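It should be emphasised that the depicted structure is a prediction, and the values quoted were computed from it without experimental measurement.
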Amino acid sequence: MNRVNEELGTAGTVSPVRGAFDSRTGKTYQICQAMVVNPVLKHIRAALYPHGKKKIDKSVLVGLGLEALAVYWMDDGSVVNSKTAKNRGLIASYCSEADALSQCEWINDLTGIKSLPYEDRGFYRIRINASEMPRFLTHIRPYMHSSMKYKATLDYSSYNTKSKREYEASLTIPFVDEGDKVTRARNTGAKASVMI
């Protein structure tokens, strides 16, 4: 927390560690909360949560690059492995159809990957086909933290498919905390991103 306060010029605090039960997994995890108050972050929150509800539309996405996409994936993205879907990407945006279409367009502009809105109980999430996931992860992996490795891990059988080969090649790309980000971004041909 001291490093965050120093870099952002804030006076943040961290709560004591406590146990929290996750009803989805049936497990209890140790958690703590960090609170950072900064005028810039307040503006970002106001832009992303007008009227207290998340809204990520074109006005927010303009100028955001691969680093922002990686952060979005680390927050709301997951790799789905179920009986009916394997290695499919899912971003739990739970937004309007218009916002979902804007996000799909943004993803396509940054990565060349086609994603689709998916309706779920009146809200929309973003789906990325399993065949596109290796290329998607290749684009965002240089900006992901290694603690989020599980969000960049796909599961393939022993068959030698094009998707499996693309995924295995992406494993050579280091995570953001595994070296110099600028050099790595240049070496992987990743686009430079512009943050808010």
Does Thr111 use its side chain to pair, donor to acceptor, with the backbone of His139 at less than 3.5 Å?
-> no
Give a yes or no on whether the backbone of Ser131 and the side-chain of Asn129 come within a donor-acceptor separation of less than 3.5 Å.
-> no
Flag yes if more than 12 heavy atoms outside Lys54 fall under 6.0 Å of its NZ atom; otherwise flag no.
-> yes
Below 4.0 angstrom, N of the basic side chain to O of the carboxylate: do Asp75 and Lys151 qualify?
-> no
Within-4.5 Å side-chain heavy-atom neighbours: Val79 and Thr153 | no
Between Ile107 and Tyr118, is there a shared hydrophobic cluster once you connect ILVMFWY residues whose side-chain heavy atoms come closer than 4.5 Å?
-> no
Side-chain heavy-atom pair Arg141, Leu171 within 4.5 angstrom cut-off | yes
Distance, nearest 0.5 Å, that separates OG of Ser146 from CG of Asp177 = 3.5 Å
Does any pair with a residue in residues 111-121 pass salt bridge (Lys or Arg N to Asp or Glu O under 4.0 Å), and if so which ones, sequence neighbours excluded?
-> Asp120-Arg125
Show every donor-acceptor pair shorter than 3.5 Å between a side-chain atom in residues 55-65 and any protein atom, with sequence neighbours excluded, or say none if there are none.
unit_1	atom_1	unit_2	atom_2	d
Lys55	NZ	Asp99	OD1	3.3
Lys55	NZ	Asp99	OD2	3.3
Asp57	OD1	Ser59	N	3.2
Asp57	OD1	Ser59	OG	2.6
Asp57	OD1	Val60	N	3.4

With sequence neighbours left out, what residues match Lys27 under side-chain contact (heavy atoms from CB on, under 4.5 Å)?
-> Thr25, Tyr29
Establish whether Phe21 and Val17 are linked, either directly or via other cluster members, by ILVMFWY side-chain heavy-atom contacts under 4.5 Å.
-> no
Would you mind listing every ring-ring contact (aromatic ring centres under 6.0 Å, His included) that reaches into residues 54-104, with sequence neighbours excluded?
-> Trp73-Phe136
Side-chain contact test, heavy atoms from C-beta onward, threshold under 4.5 Å: evaluate it for Leu154 versus Leu137 and give yes or no.
-> yes
Side chains of Met133 and Ser163 in contact at under 4.5 Å (non-hydrogen atoms) | no
To which residues is Leu90 joined in a hydrophobic cluster, defined by side-chain heavy-atom contacts under 4.5 Å among Ile, Leu, Val, Met, Phe, Trp and Tyr, whether direct or through other members?
-> Val80
Enclosure of Tyr156 OH (heavy-atom neighbours >12, cutoff 6.0 Å) = yes
Looking at side-chain heavy atoms only, is the closest gap between Cys95 and Gln103 below 4.5 Å?
-> yes
Under the side chain to side chain donor-acceptor pair (under 3.5 Å) test, which residues partner Arg135, sequence neighbours left out?
-> Glu132
Would Leu69 end up clustered with Phe175 when hydrophobic side chains under 4.5 Å apart are linked, directly or stepwise?
-> yes
Answer yes or no: is there a side-chain heavy-atom contact under 4.5 Å between Pro174 and Pro142?
-> no
For the hydrophobic clusters of this structure (ILVMFWY residues joined by side-chain heavy atoms under 4.5 Å, transitively), does one cluster hold both Val71 and Tyr150?
-> yes
Is the shortest heavy-atom distance from the side chain of Arg88 to the side chain of Ile128 under 4.5 Å?
-> no
